[in-house]
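Inspection log for the structure reproduced underneath, given as structure tokens.
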Amino acid sequence: MVIPEALRNGTPVLVSDRSNLDDLIEEGVTGDVFALDAHVLEEYLASLTLIRLLKMRSAARASYEQRFTLERFVGEMSACLRNLSERTVR
């Protein structure tokens with residue numbers, strides 16, 4: 001839940017390439033993926049700028065709205081249940 005919560009707050013997400021969470025962000029738009037290596041991570045963190053992170057804020061929030069809202073979940077779950085019930089009735 002950490003990634004959806006961060007995106008909800010307009011916070012860009014930084015994940016390692018070994019976290020298996022990189023599909024939840026859009027590289028360079030809603031966050032970044034970094035190699036899980038101490039030297040690479042050190043260089044990456046040193047290169048981050050506040051301006052770059054601030055530019056990602058609106059895209060991070062938009063990503064949450066498109067992918068993680070309760071309304072979206074309820075709509076998709078309802079569609080799945082309708083589909084299942086239609087198959088059962090046939």
Side-chain angles (χ1 to χ4, degrees):
M1 295 302 298
V2 172
I3 291 176
E5 288 176 7
L7 295 173
R8 182 192 66 212
N9 292 316
T11 303
V13 178
L14 312 176
V15 297
S16 83
D17 59 355
R18 295 187 197 169
S19 68
N20 207 23
L21 297 172
D22 52 334
D23 59 336
L24 295 177
I25 65 160
E26 188 175 347
E27 178 86 30
V29 178
T30 62
D32 282 324
V33 179
F34 59 86
L36 191 57
D37 171 90
H39 182 70
V40 172
L41 179 57
E42 180 182 1
E43 287 180 358
Y44 168 72
L45 291 174
S47 73
L48 274 179
T49 64
L50 180 58
I51 292 171
R52 183 163 185 274
L53 292 171
L54 289 173
K55 286 181 180 179
M56 290 188 222
R57 287 183 63 85
S58 62
R61 177 61 190 196
S63 177
Y64 170 80
E65 293 293 335
Q66 293 170 353
R67 300 173 67 199
F68 297 107
T69 62
L70 181 59
E71 292 80 11
R72 177 179 177 254
F73 173 78
V74 168
E76 288 184 11
M77 186 61 79
S78 295
C80 287
L81 292 173
R82 264 193 310 277
N83 188 3
L84 181 61
S85 68
E86 289 171 2
R87 289 181 186 188
T88 304
V89 171
R90 291 182 201 170

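Residue Leu7 holds its CG atom at 11.0 Å from CD of Glu26, rounded to the nearest 0.5 Å. Distance CG/Asp32 to CG/Leu53: 8.0 Å, rounded to 0.5 Å. Rounding to the nearest 0.5 angstrom, the gap separating the CG atom in Leu14 from the CD1 atom in Ile3 is 10.0 Å. Distance check: Tyr64 OH to Leu24 CG gives 13.5 Å after rounding to the nearest 0.5 Å. One distance of note links CG of Asp37 with CZ of Arg18; it measures 7.5 Å at 0.5 Å rounding.
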Item to check | Stepwise side-chain contact (heavy atoms from CB on, under 4.5 Å) check, Val74 with Glu71 | outcome: CA-CA 5 Å; Val74 168; Glu71 292 80 11; 5.9 Å; no
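Connection of Leu81 to Phe73 is established within a shared hydrophobic cluster, with ILVMFWY side chains joined at heavy-atom distances below 4.5 Å, either directly or through further cluster members. Note on Val40: it does not cluster hydrophobically with Val33, by side-chain heavy-atom contacts below 4.5 Å among ILVMFWY residues. Linking Ile, Leu, Val, Met, Phe, Trp and Tyr whenever their side-chain heavy atoms come within less than 4.5 Å puts Leu48 and Leu36 in one cluster. Hydrophobic clustering keeps Ile25 apart from Met56 (ILVMFWY residues linked when any side-chain heavy atoms are closer than 4.5 Å, directly or through intermediates).
Other residues, nucleotides and ligands contribute over 12 non-hydrogen atoms within 6.0 Å of the CG atom of Asp23. Counting heavy-atom neighbours within 6.0 Å of Leu45 CG, excluding the residue itself, gives a total above 12.
In this structure Asn9 satisfies the side-chain contact (heavy atoms from CB on, under 4.5 Å) test together with Thr11, sequence neighbours excluded. With sequence neighbours excluded, no residue forms a side-chain hydrogen bond (donor to acceptor under 3.5 Å, both in side chains) with Glu42.
Shortest non-hydrogen contact noted between Ser63 and Thr30 is CB-CG2, 3.8 Å. Shortest non-hydrogen contact noted between Arg72 and Gln66 is CD-O, 3.0 Å. Nearest heavy-atom pair across Gly31 and Pro12 is CA-CB, 4.2 Å.
You'll find the side chain of Leu21 stays beyond 4.5 Å of the side chain of Val13, heavy atoms only.
No donor-acceptor distance shorter than 3.5 angstrom exists from the side chain of Arg52 to the backbone of Ser47, with no hydrogens or angles considered.
Between Glu65 and Arg61 there is a salt bridge, since a side-chain N of the basic residue sits under 4.0 Å from a carboxylate O of the acidic one.
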